[in-house]
Each structure stands twice: as C-alpha cells, then as structure tokens.
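One structure is given here, and the rest of the page talks about it.
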Amino acid sequence: MFRKLIQKLKHNPKTIVFTEGSDPRILEASARLLSGTFLTPILVGNREEVLAAAERECLNVQNVQVLDPASYEGMDEMVEKMVELRRGKMTPEECREALQKSNYFGTMLVAMGQADCLLGGATYSTADTVRPALQLVKTKPGNKIVSSCFILVRPLATGGNQVLAMGDCAINIDPSEEDLVEITQEVAKCARMFGVDPKVAMLSYSTHGSGKGPAVDKMRNVTRRLQDMMLDFPVDGEMQFDAAVNPSVGQLKFPGSPVAGYANTFIFPEITAGNIGYKIAQRMGNFDAYGPILLGLNAPINDLSRGCNALEVYSMAIITAALAE
C-alpha cells in the first residue's frame, strides 16, 4: 500500500510541515524522509533547538528547512493574510500572537501555499490541530464539516493485505443525517485512495428493520438519501456488524443486499461506536490502524496520536501528502 503512495509522490513530490520540529519522533521521521526524493519536510521551531535535539538522537537533519515563528521574515505578510482569513474575528495583534504558536504558524504556511500539507499532534491535542485548520484552511467547496477516516490494514495468509475504511471515529460526536451523508462520501473517496473499492455498510444495532429507535431511523434515512443520489459505489443499511462482514449472516438477515456480508467501508452512527469499533479491530483483530485521516478540508492536515512512534509519523506523513492534489 505504501509503495503505491510513494510511487505517486515520486511523480509529484510534496512539502509537509511538522508543527513539533524538535520532537524526537518527528526528527527521526524527517531524517528518513530527507533520504528520499518524494516528500520534503519543513520543521517549525528554533533551529538551534531542533539541531541540538537531533544531535542527541544521533539523527542527521542538517539539510532540513527549519522555520521559527520568532524570526520568520515573512511574518508581516502572514499576519495580514491571517487577518483577512479571520474576517474581522481577530485583530492584527491577536493574529501575530497566535502565529507564535507552531500550530497556527504551520497552518498558515499551508494556507499561503508555502507547503502542501501539515502533520501535527505529537504533543498538541486533536482540537489544537483541527481548530487552526478550520479557521484558516477551511472546508472544501460543497463541504460543511470536517470528518475523519481510519484505514485498517492486516496481511492475509494467502498474500496481500485486507484493507478496510471506518468513519467517523474521531471528530463528529453525534453527526446529523446530513452530516452522515457527507461523511459517507468522504470516507468512500478516502478508501479508494488506498485501493479499496468501497462497499459501504451503514452500521446499527438493527439489520433491515429488525430493531427500532431514533438511532436506527437515522441510519436508515441516511441510507435512503445516499441511494437516491445514485452514487458510483454501493451503500446499504441499516445493518449490524455481523451482517456487514459475514456473507451467510448478511444474506440471511438482509437478502439481496449488494453490501451485506461483503462490506469493506463502515460508517458508524456516532463517535462512541466508531472509536470503540476501530480500536477493537486494531487491538483484537491485529489490524494496523492509520489515522485519524481528516477529510473535507481545502488542504491535507492530519493529526497524530500523542502516543505515536517515529514509524507512525513517517507513515502518516506519506498518507497526508498523498491526499494533496
């Protein structure tokens, strides 16, 4: 999977901003990226501190570009652009103060086209990564929300990998029917980027009318709305997880469904189910989980787990860059 993404980037190299430039995990991933030709890192931080941290870890990042908000020559232009983007919600002084923080500074580098994408969250919370993105990069035309997707991968005994997509497991706490319509389309697009031909199951505690309740109605209504849109991938629901993945159970409970028993893309009704679901797959199903991959923004900006390691940073950097047009 990653070979294909790297090959794509070799044909169209990108630049990625890391907001926590002196973090050892970021430095190790950056050193590895610097040895390639497909993705160029930019580190936010004080150059002396970054190089000292790299020396402590015995990492060679001498050729990396380090940008320090405290001494950035283009700060006046950046402040002016941020004031414009905030549209009267922040004064120039407030913008200048915010831009001393690496999450806002890094996001503005993307907003101004000086980098293609951004990866943060090694020390920042998800909210501190998403908030500047929403304020400065904003959502794509036609999108009203930011959502997320996890890509889960595990090797098959017969060779190759099983790849699944799950959303939204990280951003929207209790999405509306309208939100879920948008989430489903974005997750299906993301799945395709990883070679998944999406067969989308709208998950519930009910299968094809077997149960009742507002949550069941929500997933059933969303399914109908999506099917009425004549999308180029199958969507069906509402259905329970066993009906979604087991052909004999699926076709017994939901006869004739093009998805039941064969689903590879899963949409959860709300964040509690989604977060629990992907972590069960990761910890008990032996899947590698990549994400959360943020969807719906004008430029790729992704969030790391604060418990990530250097390999996860490297992998998420490739995923983030591959999302860039």
Side-chain angles (χ1 to χ4, degrees), residues 1-5 8 147-171 175 180-208 219-220 222-223 225-227 229-271 273-296 315-316 319 322-323:
M1 184 179 74
F2 281 95
R3 281 198 298 269
K4 290 179 180 178
L5 297 180
K8 175 184 175 182
S147 57
S148 74
C149 176
F150 276 86
I151 298 296
L152 292 105
V153 184
R154 69 177 175 186
L156 295 170
T158 54
N161 291 312
Q162 181 182 15
V163 184
L164 306 175
M166 293 184 175
D168 177 353
C169 307
I171 300 296
L180 284 166
V181 169
E182 186 173 316
I183 288 166
T184 302
Q185 294 176 85
E186 288 295 325
V187 171
K189 288 179 191 174
C190 184
R192 279 186 164 146
M193 195 190 86
F194 292 93
V196 176
D197 185 15
K199 296 177 180 63
V200 181
M202 309 302 293
L203 296 176
S204 177
Y205 58 82
S206 165
T207 299
H208 197 36
M219 298 308 279
R220 185 181 301 134
V222 173
T223 301
R225 289 176 64 171
L226 288 161
Q227 290 173 341
M229 295 169 70
M230 303 298 289
L231 300 168
D232 61 349
F233 55 87
V235 181
D236 219 343
E238 82 293 356
M239 67 179 73
Q240 293 158 289
F241 192 81
D242 59 345
V245 299
N246 186 300
S248 59
V249 174
Q251 291 304 307
L252 176 66
K253 290 186 172 185
F254 207 148
S257 168
V259 173
Y262 307 100
N264 54 26
T265 302
F266 305 92
I267 305 300
F268 293 89
E270 43 79 41
I271 197 172
N275 194 268
I276 292 170
Y278 101 80
K279 288 188 176 182
I280 289 173
Q282 179 186 26
R283 301 299 179 184
M284 299 186 72
N286 296 317
F287 280 89
D288 291 327
Y290 299 99
I293 300 167
L294 301 186
L295 309 172
S315 300
M316 279 301 296
I319 288 171
L323 291 167

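The figures that follow rest on heavy atoms only: side chains count, while hydrogens, waters and symmetry mates do not.
Of the possible donor and acceptor atoms, none in the side chain of Asn246 sits under 3.5 Å from a partner among the backbone N and O of Gly261. Under a 3.5 Å cut-off, the side chain of Glu270 and the backbone N or O of Ala273 do form a donor-acceptor pair. A donor-acceptor distance shorter than 3.5 angstrom exists from the side chain of Gln227 to the backbone of Val235, with no hydrogens or angles considered. Between the side chain of Asn264 and the main chain of Asp197, a donor-acceptor pair closer than 3.5 Å is present. For the pair Gln240 (side chain) and Ser204 (backbone), a donor-acceptor distance under 3.5 Å is absent. For Glu238 (side chain) and His208 (main-chain N/O), a donor-acceptor pair under 3.5 Å exists by modelled atom type.
Heavy atoms only, all atoms of each residue included: Arg154 and Gly285 are closest at NH1-O, 2.8 Å. When all heavy atoms are compared, the tightest approach of Asn275 to Tyr278 is O-CD2, 3.4 Å. Considering all non-hydrogen atoms of both residues, Cys149 and Val187 come closest at SG-CG1, 3.9 Å. Heavy-atom minimum distance, Ala244 versus Ala201: CB-CB, 3.8 Å. In plain terms, the two heavy atoms of Lys8 and Ala322 that are nearest each other are NZ-O, 2.8 Å. Among all heavy-atom pairs drawn from Phe2 and Ser315, the shortest one is CE2-O, 3.5 Å.
Here the OG1 atom belonging to Thr265 is positioned 9.5 Å from the CZ atom belonging to Arg192, to the nearest 0.5 angstrom. Atoms CD and CZ, on Gln185 and Phe233 in that order, are 6.0 Å from each other to the nearest 0.5 Å. Expressed to the nearest 0.5 Å, how far OG of Ser148 lies from CD1 of Ile271 amounts to 7.0 Å. Here the CE-CD1 distance, from Met316 to Ile319, works out to 5.0 Å after rounding to the nearest 0.5 Å. With rounding to the nearest 0.5 Å, the separation of CD in Glu182 from CG in Leu295 is 9.5 Å. Rounded to the nearest 0.5 Å, atoms CD1 (Ile151) and CE (Met193) are 7.5 Å apart.
In this pair, Phe266 and Phe241 present their aromatic rings tilted. The plane angle is within the 30 to 60° band.
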Show the numbers, then the answer: is there a side-chain contact (heavy atoms from CB on, under 4.5 Å) between Phe194 and Leu5?
CA-CA 8 Å; Phe194 292 93; Leu5 297 180; 3.8 Å; yes

Run Gln282 and Phe150 through side-chain contact (heavy atoms from CB on, under 4.5 Å) and show every step you take.
CA-CA 10 Å; Gln282 179 186 26; Phe150 276 86; over 6 Å; no

Are Leu226 and Val181 close enough, and set up right, to give a side-chain contact (heavy atoms from CB on, under 4.5 Å), and what steps lead you there?
CA-CA 6 Å; Leu226 288 161; Val181 169; 3.9 Å; yes

Steps toward side-chain contact (heavy atoms from CB on, under 4.5 Å) verdict (Leu180, Met219):
CA-CA 8 Å; Leu180 284 166; Met219 298 308 279; 3.8 Å; yes

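With Thr223 as the partner, the side-chain contact (heavy atoms from CB on, under 4.5 Å) test is satisfied by one option alone out of Asp236, Ile267, Val259: Asp236.
Between Ile171 and Pro292 there is no side-chain heavy-atom pair separated by less than 4.5 Å.
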